[in-house]
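The block underneath contains the structure these notes are about, expressed in structure tokens.
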Protein chains: 2
Amino acid sequence: MPIKVLLVDDEPLVRAGLRAVLEAQPDIEVVGEAADGAAVVPLVRSLRPDVVAMDVRMPLLDGIEATRAVLRSVDAPPKIVVVTTFENDEYVYDALRAGADGFLLKRARPAEIVHAIRLVAEGETLLFPAAVRALAAEYGSAPARAALERAALTDREADVLRLMARGMSNAEIAAELIVGAETVKSHVSAVLAKLGARDRTQAVIAAYESGFVSPG
Amino acid sequence: MPIKVLLVDDEPLVRAGLRAVLEAQPDIEVVGEAADGAAVVPLVRSLRPDVVAMDVRMPLLDGIEATRAVLRSVDAPPKIVVVTTFENDEYVYDALRAGADGFLLKRARPAEIVHAIRLVAEGETLLFPAAVRALAAEYGSAPARAALERAALTDREADVLRLMARGMSNAEIAAELIVGAETVKSHVSAVLAKLGARDRTQAVIAAYESGFVSPG
DNA sequence: GATCTTCTCCCCCGCGCGGGGGAACCGGCT
DNA sequence: AGCCGGTTCCCCCGCGCGGGGGAGAAGATC
């Protein structure tokens, strides 16, 4: 009997890609899709998947909350694999703490994705792929890193800085985080103040220099 | 005279979407469509498009080979923009090496797609659009550096980008280089155009991701 | 000579950014 | 109950930024 998988991602293209990759395997069957976390629990109840491939960042209910909701409210819950774009995404670890069984990168090769699904279906836990260790190893210089740690950014400020470091405007960050533009401005101002940066460009430079974000 | 665009994608839905987006612009005209790479060269010869929006993955002849074929066999070849679904598409960089002038993601917003077409039509190389990070992540900094070299910054523009990456304002850069503020603005604008960056922050990000500057 | 690129500087203009305030809500802590 | 930090949103305001033009001088190239 095949491994039944439920896909949860707000981007149709990502779902289509995962479906194509997984359904090419004879032992894997995609039994359903959801575009946001709020739809996950009912779908898990009705479809009884073995594995849920869950995006972290989604509108309405993110992957972390959705993971908690599934584990809390479903008997014999499925294995949950967190799907993420960036390996240094802090949310990934939150999701793992919330009870997820592993994670995989969207840029992973199809064979790796298939492998990950099979592993967690068998009860294994995928915690720290080589990519994450390698990234942690080449983390930034100690002084700069310490400086940024001293800055003591809040969770939300860290989110904003991460998106700033991806070149997003305030409006784009607001759309990404599903908050108002004024809210983003508040967070940006707080980040600039804490980092001692004059503008967003200096803040992004500090993020790179400290290893808060890393090239590649 | 409008920018003449040829669409090449095996998915009719994608072609329809691109056509709808591009033809909403008064200065852009979609002159033709092709469903696979094999049909591209004859169509380029007969239609003489300014820009070819080329999917990477296609039946018969993929976007990489089709790009090579066009550049090899057509005089005064059109600009070629690689269209891809996933930012980590391993073939994207191969296409850039084959001579493509830029790339864009299918999930990009209409305004970004239009912007990309206009930029490459003007002879710029489009590097930034969100995919640079993923490319650099998977293949290391060498490809991104090569891509930045393709941008062909002049000596002065490289000077300005280096100082931008140190967090300097236009006025500070002007003082550092002992030139007028207006001169710096000109160089900055040139850098942004060549990198396909929207603002100085994105330019600095591209500088880090490409290894043009390094943390530490 | 003519042409091209590069570097230099200038104009106007719109807008996003960042500073400076304030305020409401909520959860945690005392 | 009271306090406080975090998140959310609002106001006004000045200014640097970036786009779109143009233009002159120097050097390379043909």
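Residue numbering restarts at 1 for every chain, and letters A, B, ... go by the order of the sequence lines.
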- Letter by letter from the 5' end, nucleotides 8-30 of chain D scores (B base, S sugar-phosphate only, - none; protein heavy atoms under 4.0 Å) BBBB-----SBB-----------
- Task: State the NZ-CD1 distance between B:K79 and B:I117, to the nearest 0.5 angstrom.
- Result: 13.0 Å
- Query: Is a donor on one side and an acceptor on the other found under 3.5 Å between the side chain of B:K4 and the backbone of B:R48?
  - Reply: yes
- Query: Would you find a donor on one side and an acceptor on the other, under 3.5 Å apart, between the side chain of A:R19 and the backbone of A:L7?
  - Reply: no
- Checking B:R200 side chain against B:M168 main chain: does a donor-acceptor pair fall under 3.5 Å? yes
- Query: Is the side chain of A:D155 donor-acceptor paired with the backbone N or O of A:A158 at a distance under 3.5 Å, no angle test?
  - Reply: no
